[in-house]
Amino acid sequence: MSSISPSVAALRSQFGAAIERHLISSAQTIVYVSRDRLHDVLAWLKDSPGQDFNYLTDVTAVDYRDPERPLEVVYQLRSLGRRADLRIKVALDKRAPLEVRTVYDLWRGADWLEREVFDMFGVSFTGHPDLRRILMWETYAEGYPLRKDFPLRGHFSRAEQTRQALAANPEAHYSLEELSMAEAYGELPQDMQERLARGERGFLK
Amino acid sequence: MTLRTVEMALATTGVDAAGHPARVPLGLSDENGAYREDLGAERMLVNIGPQHPATHGVLRLVLELEGETVKRCIPHIGYLHSGFEKLGEYRHYNQIIPLTDRTDYLSPMANNVGLALAVEALMGIELTERCKVLRVIACEMSRIISHLVWLGTTGIDLGAFTPFLWSFQERERIYNLQESWTGARLTTSLTRVGGLMADIPEGWEAGLREFTSTFPKTLEEVDTMFTRNAIWIGRTQGVGALTADEAINFSLSGPMLRASGVDYDVRKDRPYLDYETYDFDVPVGEYGDIYDRYRVRLEEMTQSNRILEQALDRLSRLKGAPINVSDPRVVLPPKSRAMSDMEAMIFHFKQVMEGIKPPAGEVYLGVENPKGELGYYIVSDGTSKPVRWRIRPPSFINLASLPTMCEGSLLSDVIAINASVDIVMGEVDR
């Protein structure tokens, strides 16, 4: 178990410099991939007969305590047939926009997992068809809770958080998507359409 | 004739900034503006939850219906979000264990075991025999109580009340055992890194023996009540079906994955706690519908009962053996030694004040929980608090397939399909 996964050598010969480095921690292999080739690498790992990583166990991200260190998006892959696991990481410089191409087209399971990473870390998955907050509400304005620069009790004061909680009316809240789905969006009054376009989805009174 | 949407006032009316009453489009009208009673052509938005008994917690579903057929289903989650992963970054590893109680609160002991195993994998700790056997017992007891809740509530959702009473009666017996072992029915916090919070009390095995010898009879009764019941079959067979490829593509795990015919059980394929030495079978379905999920869960309870019996046999050979590793880095010395021995006192002080310090590194460890594969991904920088503590929540990932399963089915099937996923909102929202 403690030896390097044979997939690493195969990845290096297939993708060369796009495979930045690899390491082993607790007998598990971790491969760092450059952001530009990430989607190609994952698609290759999924579909190559010798690799066959057909199961996306998890997608998550890590923000380190060192503010200089890049944020990492982590993909846990598994080959159900070969009973093998592999962890792919992509490092994102926090000074640049946090963007990665989605793997929704490879695994539908990535849908909510990527939405959660977007919600908690603010990583945009380009090409994701429905990238919006999932655990926090859509109008949540305090930032991305699992970032290390996010204080445990949030950015806003307790008074402001309470005021916003009392002002929200979750029972009368239909999202823009739900209104458009009812083929009614075009029928709404002009001012309401403008408010929807501004993102005021939580207060459709 | 072109149809267009009529706006109707919601029951909870309000006014917007301009003073207009709140209007949400709910139905269709013809071009003269008259509301059409013709249900066949009508598209309707139906809101279910978040306060609704059939959503099994604070799940909210917005459905677009055409007649009774579901055209689209949009789940809203997050009403129970507690930020456990953020909280964990401010806690010592043993202080995270109480957080795991509260994620999947229908199987708290199994969650405790998963977290302890992940930290132990990070630290390279080898557990004692007795601890492994007791943890297996905890996991399998959790599987039985979780599946019993699933069985009872799903039965109620589909109109069968009696099996709910039977399953909750049996569940109560395990809860009593759990309570006499850990002191709590829900917030068990059973494990510690390197061992357990407590050994089982005197005579506890007899209670579990009594349970394992009588529990199969209840399962037989449930089997008689459901498996060949025409109503049950009509409501579940062919409903919410997912093929094996779809199940893999959606990253499903646990009974949801196996009901679709994929033979993957972490206990068999990535054994932990010496599961490979126990004799048990993994039930696998064929059609991936609600009926197969029911059959898989029912059989898993039988198999868990078998594992419990084998574990009890092993336990009787390990009487008096230690439950904790003898590693002063992670396990507190006995209080009497801490009060009389200088070295023991130093270890006690360091552990209480500084916490356990795994080496820098990271680990992903999955365990087969009742809902599916519960994974813990821990990143450590060598300090006593994790940089990142990620829960791979099985019911969150399983729930993501709900819209696909619901679309095209009937409104009443949505309740059955949602029940068959076996969600716990504490875990979905974390």
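Fair warning: this is a prediction, and the values are worked out from it, not measured in the lab. Throughout, a chain's letter reflects where its sequence line sits, starting with A, and its residues are numbered from 1.
With A:Ser25 contributing its side chain and B:Glu362 its backbone, the two residues share a donor-acceptor pair below 3.5 Å. Judged by distance alone, with hydrogens and angles left aside, the side-chain atoms of B:Arg270 form a donor-acceptor pair with the main-chain N or O of A:Arg83 at under 3.5 Å. A donor-acceptor contact shorter than 3.5 Å links the side chain of A:Gln28 to the backbone of B:Tyr364. Looking at B:Arg388, its side chain does come within 3.5 Å of a backbone N or O of A:Ala61 through a donor-acceptor pair.
Looking at heavy atoms from C-beta onward, B:Leu87 lies in side-chain contact with A:Leu152 at the 4.5 angstrom threshold. Within the 4.5 Å cutoff, no side-chain heavy atoms of A:Glu72 are placed close to those of B:Val379. With contacts defined as side-chain heavy-atom distances shorter than 4.5 Å, the pair B:Arg390/A:Gln76 does not qualify.
Using a 4.5 Å cut-off between heavy atoms, A:Asp111 does not touch chain B at all. With a threshold of 4.5 angstrom between heavy atoms, B:Ser253 approaches chain A through its backbone and through its side chain. Contact of B:Ser82 with chain A is not made at all, since no heavy-atom distance falls under 4.5 Å. Contact annotation for B:Leu399: both backbone and side-chain heavy atoms come within less than 4.5 Å of a heavy atom of chain A. Heavy-atom distances place both the backbone and the side chain of B:Glu89 under 4.5 Å from chain A. In this structure, the portion of A:Arg147 lying under 4.5 Å from any heavy atom of chain B is its backbone and not its side chain. A:Leu23 does not touch chain B: none of its heavy atoms, backbone or side chain, sits under 4.5 Å away. Interface residue B:Ala121: only backbone heavy atoms are found under 4.5 Å from chain A. Contact of B:Ile77 with chain A is made through backbone and side chain together, with heavy-atom distances under 4.5 Å. Contacts of A:Val74 with chain B are made by side-chain atoms alone, with heavy-atom separations under 4.5 Å and no backbone atom involved. There is no contact between B:Lys268 and chain A, counting heavy-atom distances below 4.5 Å. Interface remark: B:Pro386 contributes backbone atoms only to the contact with chain A (heavy atom separation under 4.5 Å). Proximity to chain A (any heavy atom under 4.5 Å) is shown, for B:Phe396, by both the backbone and the side chain. Heavy-atom distances place the side chain of B:Asp381, and not its backbone, under 4.5 Å from chain A.
Ranked by heavy-atom pairs shorter than 4.5 Å toward chain B, the options A:Arg133, A:Met120, A:Lys148 are led by A:Lys148. Interface remark: of the candidates A:Thr57, A:Ile30, A:Asp66, A:Leu56, A:Thr57 forms the most heavy-atom pairs closer than 4.5 Å to chain B. Each of A:Asp63, A:Leu80, A:Leu106 has some count of heavy-atom pairs under 4.5 Å with chain B, and the biggest count is that of A:Leu80.
With values rounded to the nearest 0.5 angstrom, A:Leu135 atom CG is found 8.5 Å from B:Glu85 atom CD. Taken from CE in B:Met123 to OG in A:Ser26, the straight-line distance is 11.0 Å, to the nearest 0.5 Å. The CZ atom of A:Arg108 sits 11.0 Å away from atom CG of B:Leu252, with the distance rounded to the nearest 0.5 Å.
Residue A:Tyr55 comes nearest to B:Ser251 through the heavy atom pair OH-O, 3.1 Å, listed as atom of the first residue, atom of the second, then distance. Taking both residues in full, the closest heavy atoms of B:Tyr90 and A:Phe150 are given as OH-O, 4.1 Å, listed atom of the first, atom of the second, then distance.
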Could you walk me through whether A:Thr60 and B:Arg392 pass the side-chain contact (heavy atoms from CB on, under 4.5 Å) test, one step at a time? CA-CA 9 Å; A:Thr60 186; B:Arg392 184 220 188 250; over 6 Å; no

